[in-house]
Amino acid sequence: MKMIVPCAGKSAKFPNMRPNYMLTHPDGNLMVKKAIEGIKGIEKKDIIITLLKEHEEKYNIVKGLKENIGQEIQIILLDEPTKSQSEAVYKTIKKANINEEFFVKDSDNTFFIEISGEYSFVCYSDLVEYSEINPADKSYILMNNQGFILQMIEKKIISQTFNVGGYFFKDPKKFIKTYEKLSKKVDEKDLYISYIIEDMIINENEIFMGKKVSDYHDWGTAEDWFKYRKKFKTYFFDIDGIFFKNAAQFHNPLWINTTINIKNVNKLIELSTSPYNQIFFITSRPESYRKLLEKEFKKLGIKYSELIMGCLHAKRIIVNDFSNTTGFPTCEAINIPRDSEDLDKYLNS
Amino acid sequence: MKFIKDLIGHSGCRISLYSSEKGYFIRKISKSIEYNPRLKKQMLKQIFFADNLQNEKIRTPKIINQGYSKGLFFFDMEFIKGLTLIEYIFKTNLSELKKITGDLLEIISLTGSKSYDETLDLSKKFSEKITELKKQVPERFYDLLEVLKKESKVLPKKNKTFCHGDLVLENIIYDPIEEVYYLIDFQDVFIEHYWMDISLIFQDIDEAWYMFKHPELDPKIMKIKMDYIKNLIFDKIEKNYIPYHPLFISMKFFRIIPYTLEKDHEYLEIVISKNLSKLSKDHAN
């Protein structure tokens with residue numbers, strides 16, 4: 001079973017930046033790697049990424065893709081941008097000589113699903129579960145209670161179930177045949193995969209089931225991507241005067257006897273359990289206090305990345321770069337009165 | 001022939017999707033050796049409908065094969081893609097409901113269009129069924145059964161007709177692309193008369209029976225839609241049937257009781273009481 005990830009479009013919804021599949025996820029991986037991370041049941045050697053020759057020439061991206069996703073993946077290079085996703089899939093099947101069932105995955109979203117190959121299917125989700133997606137930009141699926149797809153319609157809300165950009169085809173020959181038939185009748189730029197599937201259902205009597213995905217995130221436009229990225233934050237927290245009542249090394253109240261600021265610690269626990277947050281502590285306490293602090297944080301159930309000790313007891317300044325692909329600003333600073341219990345309020349102001 | 005997957009069914013029979021060189025098909029397999037003759041009768045009813053009654057708009061999946069597997073009777077039929085009428089009613093808009101109502105009336109008149117010379121004494125049939133049911137339902141329903149027995153004495157004699165036998169909206173599949181209705185899951189029934197089909201349609205429209213199989217459907221939306229259909233349809237069904245409707249619908253719910261859980265008995269008791277009390281009111285008037 002192969003997985004085709006078409007990345008050979010013009011990336012028109014991400015103006016003035018590198019092709020969207022190359023954008024960097026907050027965790028440091030490429031967007032395309034995150035797009036396929038939730039797809040279970042396909043081996044790395046069966047992943048085929050289709051991209052443009054010009055991308056390789058300009059960015060040397062093939063090496064980066066292999067380094068990020070796996071050396072075993074296959075890359076198909078196309079000379080010209082494709083007019084539609086179905087064209088990219090068609091060319092990939094031909095070039096890679098695919099003779100087995102295959103899964104097509106959009107490069108500009110993520111979701112979780114286990115792929116199994118008893119029948120062809122389309123991955124879907126339910127509008128009511130998402131408040132942040134643009135409903136006008138989706139294709140919709142009309143299914144019956146057995147899960148069979150009856151219709152797929154672009155940009156018209158015919159049901160609350162929408163196509164999330166994951167398609168499993170049992171037979172590449174049938175895809176090829178339908179694509180070749182439709183590409184003569186329909187302008188290729190409009191030849192969505194949903195049209196291929198709907199034609200296969202209605203005219204070829206093919207069966208496609210709906211398969212519901214979980215944890216779907218849409219990165220279809222630059223705006224969607226920035227909105228998603230904005231959820232991620234790296235916090236650098238001072239410790240004393242925020243989570244512990246202010247104390248000192250050499251006089252009372254001593255660091256070893258200080259008490260916790262419960263309200264702020266509760267906020268910290270909430271932040272530390274979110275998958276979108278990364279927490280670093282920065283403190284002027286010397287290394288000799290590391291074990292004590294680590295023990296305290298463990299006791300309180302706080303997850304964090306690093307504890308940076310021995311900082312100056314002085315002003316702290318964070319400097320971060322920004323660009324078209326990061327949004328602006330890329331850093332903020334919050335000054336909070338010593339021993340205030342209002343961390344939540346300051347973070348949200 | 002290749003097994004693809006099992007489908008959801010409500011009869012206890014196994015319903016599976018298969019593929020062959022000629023395309024996809026559905027296999028319905030008897031739930032037990034004892035059930036074999038009933039499933040065979042149901043298949044024959046489906047064949048009869050296909051050969052004698054179906055038209056371009058109201059059809060049934062074509063039977064393509066039959067046989068036995070490990071002693072269990074099965075039949076294969078054409079695979080139909082569509083929505084159950086319950087699903088379609090939920091998904092569609094009010095203006096489409098008017099069309100559906102007209103089509104439902106067409107379905108009823110189609111099943112009743114084939115009549116036979118054999119006369120059915122409906123009152124006697126009811127009485128026999130009630131005697132049988134008394135052995136199968138809990139004691140709490142005995143008094144209501146007596147009321148039904150007493151009231152059903154007024155039922156007339158009718159000529160036997162074809163009837164689907166289980167014409168709930170779940171058993172009508174609508175193909176919105178081709179605009180064709182497919183009747184599935186024909187049943188043999190103790191009164192072979194199309195009045196049974198009318199009463200079953202009201203089991204869903206008037207008494208919200210579909211909620212047991214489709215708890216996910218918003219009851220408020222469904223009630224508005226079903227009331228709309230009910231108001232349109234009730235004026236247009238056969239006038240001779242209307243005085244007996246409470247008897248037929250009560251009987252239908254009595255027949256369901258042996259297959260239900262105790263938690264559902266209160267609902268059934270309310271529905272039956274409500275319908276039987278309509279008869280008392282009619283007498284008073």
Side-chain angles (χ1 to χ4, degrees), chain A residues 1 100-101 114-122 124-129 135 139-154 156-163 168-171 173-174 177-178 194-212, chain B residues 2-10 14-26 28 61-62 64 78-93 96 168-182 184-185 210-218 221:
Chain A
M1 183 194 304
E100 61 192 288
E101 53 200 24
E114 179 80 39
I115 306 291
S116 53
E118 297 92 18
Y119 40 80
S120 298
F121 64 81
V122 176
Y124 75 92
S125 195
D126 196 317
L127 266 189
V128 297
E129 291 171 21
S139 69
Y140 291 86
I141 297 173
L142 182 63
M143 270 186 310
N144 67 14
N145 66 341
Q146 302 278 5
F148 292 105
I149 294 175
L150 309 177
Q151 265 182 303
M152 277 182 84
I153 294 189
E154 286 292 333
K156 186 180 170 195
I157 304 174
I158 53 162
S159 73
Q160 63 190 43
T161 46
F162 64 97
N163 162 20
F168 180 71
F169 293 87
K170 282 291 290 177
D171 187 348
K173 288 190 200 88
K174 288 180 179 167
K177 186 181 154 201
T178 312
S194 59
Y195 289 171
I196 307 267
I197 291 172
E198 196 177 23
D199 191 83
M200 287 167 84
I201 291 170
I202 294 171
N203 297 320
E204 305 295 330
N205 213 19
E206 268 306 307
I207 283 177
F208 278 83
M209 305 284 292
K211 205 161 186 178
K212 194 167 184 206
Chain B
K2 190 184 165 200
F3 170 80
I4 307 287
K5 74 185 293 260
D6 282 322
L7 305 182
I8 307 160
H10 298 292
R14 188 174 175 193
I15 318 275
S16 310
L17 176 67
Y18 284 83
S19 70
S20 72
E21 284 173 3
K22 290 178 183 169
Y24 295 97
F25 67 89
I26 296 289
K28 187 170 184 177
K62 189 180 170 191
I64 47 182
E78 175 191 5
F79 172 63
I80 300 300
K81 286 185 284 256
L83 298 162
T84 70
L85 209 48
I86 284 292
E87 291 175 280
Y88 188 60
I89 287 169
F90 181 71
K91 287 172 197 257
T92 198
N93 53 36
E96 190 69 8
V168 287
L169 302 183
E170 187 79 21
N171 288 338
I172 304 173
I173 306 292
Y174 182 61
D175 177 343
I177 315 279
E178 303 291 336
E179 298 189 357
V180 172
Y181 294 88
Y182 288 90
I184 59 164
D185 287 350
Y210 57 85
M211 290 311 297
F212 284 88
K213 285 174 188 169
H214 291 282
E216 76 282 4
L217 301 180
D218 185 329
I221 292 173

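So you know, we letter chains A, B, ... as the sequences are listed, proteins then strands, and number each from 1.
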From [X] [atom1] over to [Y] [atom2], what is the distance, rounded to the nearest 0.5 angstrom?
X	Y	atom1	atom2	answer
Ile4(B)	Met209(A)	CD1	CE	10.0 Å
Glu87(B)	Gln146(A)	CD	CD	8.5 Å
Tyr88(B)	Leu142(A)	OH	CG	9.0 Å

Take Ile201(A) and Ile177(B) through the side chain to side chain contact (heavy atoms under 4.5 Å, CB included) test and state the conclusion after the steps.
-> CA-CA 11 Å; Ile201(A) 291 170; Ile177(B) 315 279; over 6 Å; no
[X] versus chain A, the contacting section by heavy-atom distance below 4.5 Å:
X	value
Ile8(B)	both
Lys81(B)	both
Leu17(B)	side chain

Side chain to side chain contact (heavy atoms under 4.5 Å, CB included) assessment of Leu83(B) paired with Leu150(A) = CA-CA 8 Å; Leu83(B) 298 162; Leu150(A) 309 177; 3.3 Å; yes
How about Phe148(A) and Phe79(B): are their ring centres within less than 6.0 Å of each other?
->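 Ring centres of Phe79(B) and Phe148(A) closer than 6.0 Å.
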Heavy-atom contact with chain B under 4.5 Å, split by part of Glu206(A) |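 Contact with chain B involves both backbone and side-chain atoms of Glu206(A).
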With respect to chain A, which residue among Lys5(B), His214(B), Lys2(B) yields the maximal number of heavy-atom pairs within a distance under 4.5 Å?
->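 Most pairs with chain A among the choices: Lys5(B).
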Is there a side-chain contact between Asn145(A) and Lys213(B), using heavy atoms and a 4.5 Å cut-off?
->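 No, every pair of side-chain atoms sits at 4.5 Å or beyond.
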